[in-house]
Undergrad: 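Okay, handing you the structure first.
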Amino acid sequence: MLAFETDCHIFSGCGFDAPGLHNFVFRPLFTINGFEFNKPMLLALLSTVVVVGFFWAAFGKAKVVPGKLQMIGEAGYDFVRRGLVYDALGKREGDKYVPFMVSLFFFVWIMNLWSIIPVAAFPVTSVIAFPVGLAAIVYILWVYLTFKKHGFVGALKNITGYDKSLGWVLPLIVVIEFLSNMIIRPFTHAVRLFANMFAGHLLILMFTIASWYLLNGVGFVYAGASFLMTLAMTAFELFIQAVQAYVFVLLACNYVQGALAEHH
């Protein structure tokens, strides 16, 4: 629901229609053989088109002396490569994972960014299915690399933290490490992104709807204050969107680094 879709205002005899879970549920745009395609799915698809289209335009005809678009693309690519991948994995190991991490960063960032884009006005990652899907890809990559690098027995030791020197606490450590690596880490990887974007969007909705609701009589003063908070929260959300994309990919890099590291 948009704020201006209701005529309800303070002092008019109606209550404040606070935002909630219903603001994150969308009617299907169309249905094909029982498959419902809704707004978040459309925005996720558009995010793919934006990321692929941008890098295609930036590097499709790369020049020795780059133009403005190529310079922006190189800056973004280099930021992820040096600031995230190389820091976590080093240049030698990291180079092969740079394309994946760059794609992941910009895909998450664009899906977050829809929150402040007019008409779209919704962060795709505030729907738990999308962070879970992305975290699952990272998780599968981590498991694959762990077994490929260490073999079956070595991978189990890596995942469970097996170390004979731990003595009588070894069984407890094995259980804790197994639960942490196989369940808790992928869960928190997804929920961290989801929870931040969900909460941020809910706050923006709260102040936006409140600005409209208070726009009546002496409530006009409070409406102005609420609108200023809406602008402040939107600016803050713009920062959080980039930070969450950064953190999501940083953790992905750390998981890959952990998979490739020698077990001690």
Undergrad: Report yes if the side chains of Leu251 and Arg192 come closer than 4.5 Å at any heavy-atom pair, otherwise no.
TA: yes

Undergrad: Look only at the side chain of Asn23 and the backbone of Gly20, and say whether a donor-acceptor pair between them is shorter than 3.5 Å.
TA: yes

Undergrad: Looking at every heavy atom in both Ala120 and Leu43, which two are closest together, and how far apart are they?
TA: CB-CD2, 3.8 Å

Undergrad: Judged by atom type as modelled, is there a donor-acceptor pair below 3.5 Å linking the side chain of Ser103 to the main-chain atoms of Pro99?
TA: yes

Undergrad: Indicate yes or no for a side-chain donor-acceptor contact from His150 to the backbone of Leu156 under 3.5 Å, with no hydrogens or angles considered.
TA: no

Undergrad: Does any part of the side chain of Tyr86, heavy atoms only, come nearer than 4.5 Å to the side chain of Asp95, both counted from C-beta?
TA: yes

Undergrad: Can you tell me how far CD of Glu93 sits from CG of Leu260, rounded to the nearest 0.5 angstrom?
TA: 5.0 Å

Undergrad: Can you tell if the side chain of Met41 reaches within under 4.5 Å of the side chain of Phe35, non-hydrogen atoms only?
TA: yes

Undergrad: State, to 0.1 Å, how close Ser180 and Pro186 come at their nearest heavy-atom pair, and which atoms those are.
TA: O-CD, 4.3 Å

Undergrad: Less than 4.5 Å apart, side chain to side chain, heavy atoms only: is that true for Phe24 and Leu202?
TA: yes

Undergrad: Is there a ring pair (Phe, Tyr, Trp, His ring centres under 6.0 Å) between Tyr246 and Phe105? Walk through the geometry before answering.
TA: CA-CA 7 Å; Tyr246 179 89; Phe105 174 84; 7.2 Å; no

Undergrad: Can you tell if the side chain of Tyr97 reaches within under 4.5 Å of the side chain of Val256, non-hydrogen atoms only?
TA: yes

Undergrad: For a quick test of reading the model, state the closest non-hydrogen atom pair linking Phe248 to Leu134 and the distance between them.
TA: CZ-CB, 3.7 Å

Undergrad: State, with a plain yes or no, whether a side-chain heavy atom of Trp114 is found less than 4.5 Å away from one of Leu46.
TA: yes

Undergrad: Assert yes or no for the condition that the ring centre distance of His189 to Tyr139 is strictly below 6.0 Å.
TA: no

Undergrad: If you round to the nearest 0.5 Å, how far is CZ of Phe54 from CZ of Phe59?
TA: 7.0 Å

Undergrad: Heavy atoms only: give me the nearest Ala44-Phe107 pair and the separation to one decimal.
TA: O-CE1, 3.6 Å

Undergrad: Measure the CZ-NZ distance between Arg81 and Lys91 for me, rounded to the nearest 0.5 Å.
TA: 7.5 Å

Undergrad: Is there a chain of hydrophobic side chains (I, L, V, M, F, W, Y, each step under 4.5 Å between heavy atoms) that links Leu21 to Ile128?
TA: yes

Undergrad: For the residue pair Phe106 and Phe55, categorise the inter-ring angle as parallel (less than 30°), tilted (30 to 60°) or perpendicular (more than 60°).
TA: perpendicular

Undergrad: Given 3.5 Å as the limit, does a donor-acceptor pair link the side chain of Thr125 with the main chain of Phe194, or not?
TA: no

Undergrad: What pairs with Ile176 under side chain to side chain contact (heavy atoms under 4.5 Å, CB included), at least two apart in sequence or on another chain?
TA: Leu172

Undergrad: Any heavy-atom pair between the side chains of Leu215 and Phe227 that's under 4.5 Å?
TA: no

Undergrad: Do Phe26 and Phe122 make the cut of ring centroids closer than 6.0 angstrom?
TA: yes

Undergrad: Would you sort out whether Asn158 and Thr146 count as a side-chain hydrogen bond (donor to acceptor under 3.5 Å, both in side chains), showing the intermediate values?
TA: CA-CA 8 Å; Asn158 189 292; Thr146 300; 4.9 Å; no

Undergrad: Does any part of the side chain of Glu237, heavy atoms only, come nearer than 4.5 Å to the side chain of Met233, both counted from C-beta?
TA: no

Undergrad: Looking at every non-hydrogen atom in both residues, tell me the closest pair between Gln241 and Ser115 and how far apart they are.
TA: NE2-CB, 3.4 Å

Undergrad: Are any side-chain N or O atoms of Ser126 and backbone N or O atoms of Phe198, one a donor and one an acceptor, separated by less than 3.5 Å?
TA: no

Undergrad: With distance as the sole test, does Asn181 use its side chain to make a donor-acceptor pair with the main-chain N or O of Ile159 at under 3.5 Å?
TA: yes

Undergrad: Which heavy atom of Glu177 sits nearest to which heavy atom of Thr160, and what is that distance?
TA: CB-O, 3.2 Å

Undergrad: Do the side chain of Gln70 and the main chain of Lys63 share a donor and acceptor less than 3.5 angstrom apart?
TA: yes

